[in-house]
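A quick write-up on the structure given underneath.
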Amino acid sequence: MTLKDLFQDVLRTLWAHKMRAFLTMFGIAWGIVSIVLMVAAGEGLRKGQEEQAKNLGKDVMIVFHGRTSLQAGGTHAGRLVHWEDDDLSVVHAETPDCQYAIPELEQDTVRAHSNFNNAALTVTGSHPQFAYIRTLDVGLGRFYDWNDMREARRVAFLGSDAAKQLFPGRNPVGDNIYLNDFPYVVIGVMAKKKQDSSYDGWDVNKIFVPFSAMRRDFPDKPPGTPTTFDQLLVTPKSVEQHEACKHEVRVALARMHRYDPNDKEACPIWDTVQEAQAFKAMTDGMKYFLGAVGIVTLCLGGLGVMNVMLVAVRERTREIGVRKAIGAPAGTILRQFFVEALIIALLSGAIGLAIAFGFCALVNLLPMPDFFAGLIPDWTAGLVATGLLGTVAVLAALYPARRAASIDPIEALRYEAGG
């Protein structure tokens with residue numbers, strides 16, 4: 001029998017048993033679609049949360065000032081602590097595991113207006129690395145630099161929504177805004193940013209100016225002093241060094257302000273690195289759960305496929321007997337059943353993958369919540385599911401066919417004739 005004759009015979013047989021072939025293909029395709037969609041949903045959630053965490057900052061720790069809760073060095077508990085400009089040089093010198101440690105000073109009572117509109121916005125002053133640490137991507141113009149810092153220039157970088165409020169329908173770069181009547185030249189506008197967490201408001205609604213200009217024009221308010229600032233932004237040199245970096249910052253600030261380094265109330269820290277690690281542990285747990293559900297789904301699908309294939313081959317025992325009676329060798333019979341099962345596995349696998357990936361593409365056309373990046377399908381999961389279910393289908397066809405092909409033709413004819 002030629003290869004062409006074999007395929008024609010296989011296709012005729014599949015068409016003659018189209019309901020059984022359809023049930024087998026449905027079981028394989030359904031298992032593949034289920035696995036791909038579960039993995040895609042889990043990956044979409046993980047990716048979405050990862051992007052949101054990056055939008056707040058790149059491995060940043062926000063070091064707030066607070067009140068002491070422990071007595072230390074003869075000082076009483078309940079003392080208010082404020083970070084000072086002099087703390088920066090000490091923190092830089094005593095924190096070898098930290099990459100950046102920069103101040104942030106904010107005012108939410110500054111009157112802001114342009115020649116076209118006014119708005120209630122938060123004004124924030126810091127160092128040039130602030131744009132990198134807090135993921136402030138430039139949409140137009142530029143962010144302020146060290147030359148602006150050294151000369152305390154009155155330049156401003158606008159959040160995307162702040163720019164729309166102050167300059168509706170206009171390009172604000174090069175124009176002036178007035179902060180408490182101080183003229184500031186707009187040098188840039190932030191790209192649109194999605195943000196689901198914050199410690200002081202959304203970045204799109206802020207005005208960013210050099211720390212030196214902020215210190216001169218809008219110093220800290222009482223009980224702060226002209227040399228204090230609101231919080232310290234710290235990043236480690238690597239994720240592995242973040243605990244050491246955090247400890248070094250606590251020790252350095254505690255020594256400067258004479259409180260116990262273990263007093264977390266005096267120095268509260270919002271650790272986004274630790275949050276990211278906790279979220280990764282949660283998503284890993286979700287991944288293992290979805291994997292377990294996927295394995296159960298594959299097993300159930302495999303059982304269904306196996307059952308259909310076993311019944312289909314047993315019902316064809318008489319056919320096998322007839323083929324043997326007219327001289328067909330066992331190898332030819334097995335080869336036909338193998339090709340039949342292989343065609344079913346490949347065709348249903350392709351259909352399952354096409355449905356799963358097509359459904360993911362359609363769903364991703366819809367607007368997604370900020371914390372969800374959409375359905376992100378994984379070829380590996382789809383191919384593994386296809387391979388496993390296809391293997392089950394082939395083995396479930398070959399095992400009973402091999403047994404039927406090994407018995408006497410007369411017994412094979414009697415087996416089905418007698419039910």
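Quick note: numbers below take in every heavy atom, side chains included, and nothing from hydrogens, waters or symmetry partners. Index from 1, following the sequence.
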What's the verdict on side chain to side chain contact (heavy atoms under 4.5 Å, CB included) for Gln129 and Gln99, showing C-alpha distance, side-chain angles and the deciding distance? CA-CA 11 Å; Gln129 301 100 324; Gln99 183 178 18; over 6 Å; no

Residues in disulfide (SG to SG under 2.5 Å) contact with Cys360, at least two apart in sequence or another chain: none

N/O donor-acceptor pairs under 3.5 Å from side chains in residues 373-381, not counting sequence neighbours:
| residue | atom | partner | partner atom | Å |
| --- | --- | --- | --- | --- |
| Asp378 | OD1 | Thr380 | N | 3.2 |

Pairs flagged by ring-ring contact (aromatic ring centres under 6.0 Å, His included) wherever residues 90-116 is involved - sequence neighbours left out: His113-Tyr178, Phe116-Phe167

Test of understanding: with side-chain contact (heavy atoms from CB on, under 4.5 Å), list the residues that count as partners of Arg67, not counting sequence neighbours. Leu80

With sequence neighbours excluded, tell me which residues meet side-chain contact (heavy atoms from CB on, under 4.5 Å) with His247. Val251

Lys206: which residues meet the salt bridge (Lys or Arg N to Asp or Glu O under 4.0 Å) condition with it, sequence neighbours left out? Glu106, Asp200, Asp203

Between Asp59 and His242, do the side chains contain an N or O donor and an N or O acceptor separated by less than 3.5 Å? no

[Y]/[X] salt bridge by N-O under 4.0 Å criterion:
X: Asp137; Y: Lys193; value: no
X: Arg215; Y: Asp220; value: no
X: Asp161; Y: Lys192; value: yes
X: Asp175; Y: Arg170; value: no

